[in-house]
Amino acid sequence: MNEFARTPPLRNKTMLDVARDLSEDLRAKQLRLFDLLRSLRRAAVAFSGGIDSTVVACAAHQVLGENAVAVTADSPSVPRAEIADARALAEHIGIRHIIVPTDEFADPDYVKNDGARCYFCKSELYTRIEKLLPELGMSVICSGANLDDQGDYRPGLKAAAEHGIRHPLLEAGLTKADVRALAQAWGLPTWDKPASPCLSSRLAPGVEVTHERTGRVEAAEVYLRKLGLRELRVRMHEGELARIEVPASELARLAEPGVRDQLVRYLKKLGFLFVTLDLEGFRSGSLNSLVSLDNKRLFGSISRES
């Protein structure tokens, strides 16, 4: 990808140069992040290629060098474009990188998608990475969770706590805005990349996760991105219904007869029976409103120390 062909992050700047570009508060957080990672000595970063895990991977590589490795999960729930981006971004950073197949689709608890799916996915991922730690020469696994993830509905964080996963961004007190500011200062080309959760997250609770359904959602979102959209979701509900979320400013464009007709035709060709446009517009995590209260109580938040 052309966006990764620039000068690698931090290569032409000293850390002192970068620090001068940051606010006093962010300089202090950056220092805490580096000190924390240095104390871990040998770290494997669960690396999706999203902005949070990218900042952790970049910082780990700067501090630990060859004693840091980025590990990316590969399964039918991960868009092919995200795997390619993760590979290119790891090369751009300079960190050692491996891609590990995961098999969450073989877990009935994951497939039934009752609102706790992410817990079983992360349990599978962390178990796979744990088994690789001796071979990789690493001693600890790091995630990209940040301070804003506290109190949100994040079942995967319960799995992380059970596996002793460290959260360097959260522990250093970095918010999502801080993460993006650091990424921009460090020269990371994806500093403003929209969040891209796994494809299974597009399926409403109660809609069983299958390879065909995640592939269908991926194809639908690829089509919409070809229209020039950056932030979007194709949510799948019971009855083979596609609910499209785009920023409110883009609703009128998708509703234009020519665009709408081709969009409906393509999604129906993929296998959707109903194609809808959500008038409320794009919002992250909108399917969480369908999660049961029991699951929300069980997985609702983590403590800062976990």
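Residue numbers run from 1 in the order of the sequence given.
Hydrophobic clustering, with ILVMFWY side chains joined whenever heavy atoms are under 4.5 angstrom apart, keeps Val234 apart from Leu241. Linking ILVMFWY residues whenever their side-chain heavy atoms come closer than 4.5 Å, directly or via other members, places Leu277 and Leu232 in the same cluster. Cluster annotation: Phe272 is connected to Leu229 through the hydrophobic network of ILVMFWY side chains, with a link wherever side-chain heavy atoms come within less than 4.5 Å. In the hydrophobic clustering of ILVMFWY residues, with side-chain heavy atoms under 4.5 Å counting as a link, Trp191 and Leu89 come out apart. Hydrophobic clustering keeps Ile83 apart from Ile51 (ILVMFWY residues linked when any side-chain heavy atoms are closer than 4.5 Å, directly or through intermediates).
Listed here is the closest heavy atom pair of Leu169 and Val56: CG-CG2, 3.5 Å. Taking each heavy atom of Pro197 and Arg233 in turn, the nearest pair found is CD-NH2, 3.1 Å.
Checking side-chain atoms of Asp178 against main-chain N and O of Thr175 turns up a donor-acceptor pair under 3.5 Å. Under the 3.5 Å distance criterion, the side-chain polar atoms of Lys29 are matched with a main-chain donor or acceptor of Gly173.
Ser143 is listed as a side-chain neighbour of Tyr126, based on a closest heavy-atom distance under 4.5 Å.
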Item to check | Full working for side-chain contact (heavy atoms from CB on, under 4.5 Å) between Glu104 and Ser75 | outcome: CA-CA 8 Å; Glu104 61 269 22; Ser75 84; 2.6 Å; yes
Item to check | Stepwise salt bridge (charged side-chain N to carboxylate O under 4.0 Å, His left out) test for Arg253 and Glu250 | outcome: CA-CA 5 Å; Arg253 180 157 73 97; Glu250 298 286 357; 3.0 Å; yes
Next on the checklist: Arg128 vs Glu124, test: salt bridge (charged side-chain N to carboxylate O under 4.0 Å, His left out). Steps then yes/no.
Outcome noted: CA-CA 6 Å; Arg128 293 291 177 112; Glu124 163 72 3; 2.9 Å; yes
Item to check | Lys193 vs Glu82, salt bridge (charged side-chain N to carboxylate O under 4.0 Å, His left out): CA-CA, chis, key distance, verdict | outcome: CA-CA 12 Å; Lys193 178 182 178 181; Glu82 292 297 313; 2.9 Å; yes
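Side-chain polar atoms of Ser200 and Tyr110 form a donor-acceptor pair below 3.5 angstrom. In this structure, a donor-acceptor pair under 3.5 Å is absent between the side chains of Tyr223 and Glu218. Donor-acceptor pairing under 3.5 Å is recorded for the side chains of His163 and Glu130. For the residue pair His237/Arg243, the side-chain donor-acceptor check at 3.5 Å is satisfied. Looking only at atom types and distance, the side chain of Glu162 has no donor-acceptor partner in the side chain of Ser123 under 3.5 Å away.
With respect to Lys176, the side chain to side chain donor-acceptor pair (under 3.5 Å) criterion is satisfied by exactly one of Asp148, Asn146, Asp52: Asp52.
For Arg216, the side-chain hydrogen bond (donor to acceptor under 3.5 Å, both in side chains) partners two or more places apart in sequence, or in a different chain, are Glu212, Glu240. In this view, Glu221 and Arg202 satisfy the side-chain hydrogen bond (donor to acceptor under 3.5 Å, both in side chains) rule, not counting sequence neighbours.
Residue Glu231 holds its CD atom at 10.5 Å from CD of Glu245, rounded to the nearest 0.5 Å. Remark: Ile244 CD1 to Leu251 CG distance equals 10.5 Å, nearest 0.5 Å. The CZ atom of Arg41 sits 12.0 Å away from the CE atom of Met138 when rounded to the nearest 0.5 Å.
For the pair Arg87 and Glu91, the salt-bridge criterion is not met [side-chain N within less than 4.0 Å of a carboxylate O]. Look at Asp261 and Arg265 and you find no salt bridge, because none of the NZ, NE, NH1 or NH2 atoms lies under 4.0 Å from a carboxylate O.
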